[in-house]
Amino acid sequence: MGLKVYNSLSRQLEEFTPQNHGNVSIYSCGPTVYDYIHIGNARTALVTDIIRRYLVYKGYTVKLVQNLTDIDDKIINRAHTLGISASELAHANGLAYFEDTQRLGIQPADVHPKATEHITEMIDLIQILIDKGAAYVVDGSVYYRVNSFSDYGKLSRRKPEDLLAGARVEVDERKEDPRDFDMWKAAKPGEPFWESPWGQGRPGWHIECSSMAMKHLGETIDIHLGGEDLLFPHHENEIAQSELATGVPFARYWVHVAFLKIGGKRMGKSEKNFILLREALDKYPPAVIRHFLVSAHYRHPLDYSLESLQTSESALKRLNNCIDTLEKYSVDIDESKDIKNELTTEDASLVSAIEKMQTDFTQAMDTDFNTAQAVGSIFTLVSTINKSIVATNGVSNHIYTRAYKALIETCEVLGIYSNNEDVHAQTNEYLEPVLDLLLDIRQDARNRKDWDTSDMIRDRLIELNIEIQDTKDGSTWKFIS
RNA sequence: GGUGGCGUCGCCAAGUGGUAAGGCCAGAGUCUGCAAAACUCUUAUCGUCGGUUCAAUUCCGACCGCCACCUCCA
């Protein structure tokens, strides 16, 4: 069964077939680096990351390109306010972007092109469009002549008259048509600029994506990703520029990520109702934030709240407990050995549950990357495993090991599992003998029914964020947060 | 005005033309010296009204409510 992707261009689910067998090219619209990113921005970055991980999981070779818009009006204005140069601001926020996204476990793209490093390519593309009569120069600025592209509006399904009816379009007298947009903006005094055939200026927003996508991925890319707000006009304009210049389709599948909301409203920079990703990361582990973000399908709005994050934290605890328990049972297994004939009924039952999870997971992800459903399949298996462990019905360690591996593998596609062992490894090495000693002393006290002593040890440790867990197999300890 | 989306258990959230995954919370248990932790069990007829159909939450229509894009915003 194959992967199906919802294509914004056709407004329906389509069978996914990359143009080059086994290889997928993806372009994802990246941040404009005038500020830190918020969780809403992170949602799109994370969806990109997961789509890429899943395609790799399915065996594709993926080339992912994500741009950094490092020159635009917002950057210039913010830099001016801060009293630094636009490039300094862009550089700092670019670094912060990578820092934040990598903390969230987002793997860097294969290429992160910057607008200011592709001025030549953009000028070339603009020149092509001028030569084709699709652009015109006014006072050192270059505008795209929307009328010259008959397919204009095919992505957003907007008719020219609809656009003109919108009273919010600012009319620029210099434009032939209100819908025309600038590809090259003449510099005003004091603004950063680059030399061009039309004078000093800077590129427009849409032209960068067109030229950087084509430079790094070719004239036709497989998947073009972005937030749903970019559908119009940004992506519509990218199509207009690119396709008029090349004569071939610009992107084969257009994927748009729905908004993250807060209090029912869109989280946005201009609303000033955003939570910075780094703030969230200071409070919650990456896996928790990821779990929250994948708990809804990417094309559905998701509402941010502290409660939701706490819900994800609790859910993840259940998952981690299961995985940690399985790890204790895990053994080295000989993959090549066929143990089919040696399976007990209980073994076989768990094996089929594992296989069901893998099938369901794949099916969910194959259906337009339905992460919410995929997570569901993982938790269904968790439940089955827990029951099996409680029942102590003689499932072999081999099978528990298989379950362990299957869970790790699928969770890694979503990036919702990370064991804390590494974090605590050093501490553990030092603390373990000491805590074992304390647990021994406590056990002695318990044997003597000296509850004062045993409870004191328990209470004092909890103050140190170390929790004692009494089970029928003895006492263990763990860090709590 | 144009375009698109949403309304499923207390909360979050999948899904299907034939009577609804999963998570959280809550309640009840198991375990325990008591607890905690952990685990188990239990809880929905799908906004309203019509229509199509043997059968609709799932298709169509109307209505109500909410959100978004058309201006920078992932």
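Only this structure's heavy atoms are used, side chains among them; waters, hydrogens and symmetry mates stay out. Here is the naming used below: chain letters follow the sequence lines, and residue numbers restart at 1 for every chain.
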Inset, instruction - May I ask whether A:F259 stacks on the base of B:A74, given the cut-offs of 5.5 Å between ring centres and 30° between planes? - result: no
With sequence neighbours left out, the residues meeting side chain to side chain donor-acceptor pair (under 3.5 Å) with A:N7 are A:E14
Check the distance between [N]'s [atom2] and [X]'s [atom1] and give it to me in whole angstrom.
X      : N     : atom1 : atom2 : result
A:L381 : B:A21 : CG    : C1'   : 14 Å
A:Q363 : B:U16 : CD    : P     : 10 Å
A:I26  : B:A74 : CD1   : P     : 20 Å
A:H297 : B:G22 : NE2   : P     : 20 Å
A:Q373 : B:U8  : CD    : P     : 18 Å
A:I389 : B:U30 : CD1   : P     : 21 Å
A:N321 : B:C31 : CG    : P     : 20 Å
A:K261 : B:C12 : NZ    : P     : 10 Å

So if I take every side-chain heavy atom of [X] and compare against [options], which nucleotide ends up nearest?
X      : options             : result
A:N41  : B:G15, B:C70, B:C73 : B:C73
A:S314 : B:A74, B:A14, B:C25 : B:C25
A:W205 : B:A13, B:G33, B:C72 : B:C72
A:E467 : B:A37, B:A74, B:U32 : B:A37
A:K387 : B:U40, B:A14, B:A35 : B:U40
A:R158 : B:A74, B:G33, B:G2  : B:G2
A:T32  : B:A74, B:A37, B:U40 : B:A74
A:D470 : B:A38, B:A14, B:A35 : B:A35

Gap in Å between the two [atom1] atoms, one belonging to [N] and one to [M], rounded:
N     : M     : atom1 : answer
B:G15 : B:U8  : P     : 14 Å
B:A13 : B:A62 : P     : 27 Å
B:G1  : B:G61 : C1'   : 23 Å
B:G50 : B:A68 : C1'   : 29 Å
B:U16 : B:G22 : P     : 16 Å
B:C59 : B:C41 : C1'   : 38 Å
B:G7  : B:C49 : C1'   : 16 Å
B:G17 : B:C60 : P     : 12 Å

Let's test your reading of the model: under 3.5 Å, does the base of [N] pair with the side chain of [X] as donor and acceptor?
X      : N     : value
A:D455 : B:G33 : yes
A:D229 : B:A68 : no
A:T311 : B:C12 : no

Paired with [N]: which nucleotide, if any, by Watson-Crick or G-U wobble criteria at under 3.5 Å for both distances?
N     : result
B:C39 : B:G29
B:G1  : B:C70
B:G7  : B:C64
B:G17 : none
B:C59 : B:G51

Taking the inter-plane angle between the rings of [X] and [Y] on a 0 to 90° scale, is it parallel (under 30°), tilted (30 to 60°) or perpendicular (over 60°)?
X      : Y      : result
A:H206 : A:H234 : tilted
A:F16  : A:Y253 : tilted
A:W254 : A:F250 : tilted

Applying a 4.0 Å non-hydrogen cut-off, can you work out what [X] is touching in the nucleic acid: base, sugar-phosphate, or nothing?
X      : answer
A:L260 : base
A:G40  : base
A:K317 : sugar-phosphate
A:T476 : nothing
A:K74  : sugar-phosphate
A:S308 : nothing
A:A296 : sugar-phosphate
A:R299 : nothing

Closer than 4.0 Å, any side-chain N/O of [X] to the OP1 or OP2 of [N]?
X      : N     : answer
A:R318 : B:U40 : yes
A:K265 : B:C67 : yes
A:N386 : B:U40 : yes
A:R157 : B:C70 : no

Can you establish whether the number of heavy atoms outside A:K356 located under 6.0 Å from its atom NZ is more than 12?
no
**Asked** Any salt bridge between A:D455 and A:R442, counting N to O under 4.0 Å?
**Response** no
Heavy-atom nearest nucleotide on RNA chain B taken for A:T384 and for A:A258; more 5' hit belongs to A:T384
Residue pair A:T44/A:K478 against RNA chain B: nearer the 5' end by closest nucleotide is A:K478
Aromatic centroids of A:H256 and A:Y6 separated by under 6.0 Å = no
Here the gap from A:Y27 atom OH to A:L217 atom CG, rounded to the nearest 0.5 Å, amounts to 9.0 Å
Tightest non-hydrogen contact, residues A:V24 and A:D222, listed as CA-OD2, 3.5 Å
